[in-house]
Amino acid sequence: MRGPAPAGIPSDLPSHGYCMAPIVRIENLTKHYATGFQALKGVSLDIEEGEILALLGPNGAGKTTMISIVCGIVTPSGGRVTVAGHDVVKDFRRTREIIGLVPQELTLDAFETVSNTVAFSRGLHGKKPDPALIEQILRELSLWDKKDTMLRHLSGGMRRRVLIAKALSYEPKVLFLDEPTAGVDVTLRKEMWQLVERLRATGVTIILTTHYIEEAEEIADRIGVINKGEILLVEDKAALMKKLGRKQLTVELAEPLSAVPEALSGFRLQLGNGGQSLVYDYDTAGERTGITGLLAAMAEQGLRLKDVSTEQSSLEDIFVELVGAEK
Amino acid sequence: MNIEAIKSIYAFEMARTRRTLMQSVVSPVVSTSLYFIVFGAAIGSRVQEIQGVPYGAFIAPGLIMLTLLNQCIGNGSFGIYFPKFTGTIYEILSAPISTAEIVIGYVGAAATKGLIIGTIILATASLFVDITIAHPLLMILFFVLTAVSFSLFGFMIGIWAKDFEQLNIIPMLVVPPLVFLGGSFYSIDMLPPFWQTVSHFNPVLYLVSGFRWSFFEIADVNPWISLAIVVAFLGACLAVTAWIFRTGYKLKN
Ligand SMILES: Nc1ncnc2c1ncn2[C@@H]1O[C@H](COP(=O)(O)OP(=O)(O)O)[C@@H](O)[C@H]1O
Ligand SMILES: [Mg+2]
């Protein structure tokens with residue numbers, strides 16, 4: 001299946017060439033809500049054209065606030081956002097033409113039909129009706145046989161698909177997916193990931209927020225971690241895993257130990273599995289892992305090894321470590 | 001100008017109108033018919049002519065205005081309140097459209113529906129009484145200006161309202177007294193002087209009076225003053241709407 005064609009960049013935009021300026025540039029963005037609560041504390045973030053960026057953060061981190069400002073739903077208190085070089089406040093027409101938004105909340109008109117609401121979104125974005133494109137999008141999202149169904153008769157997962165169809169209907173260049181897989185079943189989540197891949201292949205830049213770490217790990221090129229209104233880091237996914245990735249070496253012992261032997265106290269060792277194994281934490285980023293020394297020392301102690309395995313810490317561990325360290 | 005967006009909003013609202021047209025039409029048609037039966041036929045037959053116009057015909061312009069005002073305020077307020085209430089307003093706020101375009105779409109649809117129903121009431125009225133229209137163009141001008149201004153007024157109520165109670169309070173508590181005390185059923189020179197003066201602060205007086213003049217050439221106030229007041233009201237509504245969107249009042253956090 002082919003994804004919807006990417007919207008052409010308006011011809012009067014500055015052409016970027018190959019070494020491109022970021023498609024979305026967020027500079028020092030702050031937001032104080034009327035309640036006095038500061039949801040964003042000077043966020044800066046560049047999003048490159050064509051990438052998939054996952055914004056990872058716990059509930060209340062400020063993800064939705066940030067997206068809402070870029071899309072024009074919330075007014076910023078300070079700072080600046082440009083999309084394709086245009087200011088999102090002053091030049092809102094230019095920016096909103098190319099931004100697609102799939103909101104976190106399943107907000108839809110109860111009494112509209114699927115195809116009407118999707119066509120409506122396209123019109124709102126100033127595009128002429130294109131039934132063929134709408135059909136293609138609805139088919140792609142398995143919504144075609146529901147096209148005349150009223151939205152109130154749809155399940156949560158189906159509504160999520162409709163929101164995506166609405167956002168795709170006007171062929172955005174930059175697509176924001178705010179927790180697209182919150183509360184959806186595994187099948188739909190997998191489908192969503194595939195869709196994101198297909199969209200990326202057509203050149204769409206995708207920013208998705210999630211608190212499912214596996215999701216970021218699965219589909220993102222880069223990962224940003226946001227907590228309490230601040231971006232803690234933005235890194236290439238692979239580099240992030242490598243940089244912060246810890247590995248764990250587990251040595252299964254032939255005979256159980258009651259304590260870590262004195263001679264091995266120089267290593268960061270823990271007893272595991274009721275003394276059946278020794279667990280060694282090491283840093284993959286370090287010059288030396290210390291594995292050779294550890295194994296030699298163990299042999300010297302006369303420990304008989306049954307099995308050896310290693311395990312890489314997941315993004316989840318990294319995340320917990322980062323957000324936890326904030327507290 | 002994002003013409004496609006205006007068309008989309010307008011068509012969306014008109015589709016909603018079509019779904020609910022029967023119930024929107026039936027109630028005002030029934031109540032207007034009742035007014036004519038009670039005031040026009042039963043009581044009106046004992047009431048002398050007012051400035052040469054039979055009482056039944058005299059009240060027709062006011063009754064049309066009553067329906068028009070109710071319809072326009074109701075449609076205008078509901079059209080924008082509902083997306084605010086359900087959250088679908090996000091789509092309007094994040095679309096490449098200006099304030100003016102949003103207003104044209106919503107208010108245009110609300111006014112259109114008001115005008116359709118107003119016309120049906122006019123037709124209903126002509127079943128009960130003889131109606132002549134002395135100045136059709138002026139009549140249409142009053143009709144359209146009133147529809148647009150009060151749809152816009154309703155739109156502002158829709159933005160301002162926090163809940164359904166607030167949404168209904170003005171149409172229910174404010175509009176009927178203004179219409180009933182605005183000379184819909186009598187000529188204000190039948191009132192004691194003090195109440196005549198008070199009536200002049202009621203904007204609906206000017207509407208009804210000017211509208212009635214376009215039918216029968218009788219009026220409580222100079223029809224051109226009426227027209228000026230309607231235009232001024234429209235201007236004030238436009239100014240407030242522009243301010244609402246500039247500041248994001250009750251629309252954006
Ligand atoms: N309209 C609002 N008024 C006041 N506080 C708000 C409003 N919207 C969000 N917040 C607060 O701002 C913080 C960030 O919210 P949000 O951006 O929705 O976070 P996230 O999407 O990361 O879960 C939260 O603490 C939330 O309670
Ligand atoms: Mg959120």
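Below, chain A is the first sequence line, B the second, and so on; all start at residue 1.
Within residues 88-110 of chain B, the residues having any heavy atom closer than 4.5 Å to a heavy atom of chain A are B:T88, B:Y90, B:E91, B:I92, B:L93, B:S94, B:A95, B:P96, B:I97, B:S98, B:E101, listed by residue number. Interface with chain A: from residues 67-81 of chain B, no residue qualifies, criterion being any non-hydrogen pair under 4.5 Å. Within residues 147-176 of chain B, no residue approaches chain A closer than 4.5 Å by heavy atoms.
In terms of modelled atom types and a separation under 3.5 Å, the side chain of A:K127 and the main chain of A:Y170 share a donor-acceptor contact. Between the side chain of A:D91 and the main chain of A:R94, no donor-acceptor pair closer than 3.5 Å is present. Looking at A:K31, its side chain does come within 3.5 Å of a backbone N or O of A:T75 through a donor-acceptor pair. Panel note: side chain A:S44, backbone A:E27; no donor-acceptor pair is recorded below 3.5 Å. Of the possible donor and acceptor atoms, one in the side chain of A:R159 sits under 3.5 Å from a partner among the backbone N and O of A:L154. Side chain of A:S77 to backbone of A:H32: a donor-acceptor contact under 3.5 angstrom is found. Within the 3.5 Å criterion, the main-chain N or O of A:I226 finds no donor-acceptor partner in the side chain of A:K63. Using a distance-only test at 3.5 Å, with no hydrogens or angles considered, a donor-acceptor pair links the side chain of A:Q38 to the main chain of A:L40.
Annotation: maximal heavy-atom pairing with chain B below 4.5 Å, among A:L101, A:V70, A:V74, A:D109, occurs at A:D109.
Contact of A:S121 with chain B is made through backbone and side chain together, with heavy-atom distances under 4.5 Å. With a 4.5 Å cut-off on non-hydrogen atoms, A:Y33 touches chain B through its side chain but not through its backbone. Proximity to chain A (any heavy atom under 4.5 Å) is restricted, for B:R19, to the side chain, taken from C-beta onward. Residue contact with chain B, scored on non-hydrogen atoms closer than 4.5 Å, is absent for A:L106. Of the two parts of A:L108, only the backbone, made up of N, CA, C and O, holds a non-hydrogen atom closer than 4.5 Å to a non-hydrogen atom of chain B. Both the backbone and the side chain of A:K128 come within contact range of chain B, each with at least one heavy atom under 4.5 Å from a heavy atom of that chain.
Heavy-atom neighbours of B:F85 CZ from other residues, nucleotides or ligands within 6.0 Å: at or below the threshold of 12.
Across all their heavy atoms, A:P129 and B:E4 have their closest contact at CD-OE1, 3.8 Å. The two residues A:K41 and A:E230 come nearest to each other via the heavy atoms CB-CG, 3.9 Å. In plain terms, the two heavy atoms of A:V102 and A:L177 that are nearest each other are CG2-CD2, 3.5 Å. B:V179 and B:S184 get closest at one heavy-atom pair: O-OG, 2.8 Å.
Between the side chains of A:T117 and A:K166, at least one donor N or O lies within less than 3.5 Å of an accepting N or O.
Of the charged side-chain nitrogens involved, none lies within less than 4.0 Å of a carboxylate oxygen, so that A:R93 and A:E97 do not count as a salt-bridged pair.
In this structure A:Q104 satisfies the side chain to side chain contact (heavy atoms under 4.5 Å, CB included) test together with A:T64, A:D178, A:E179, sequence neighbours excluded.
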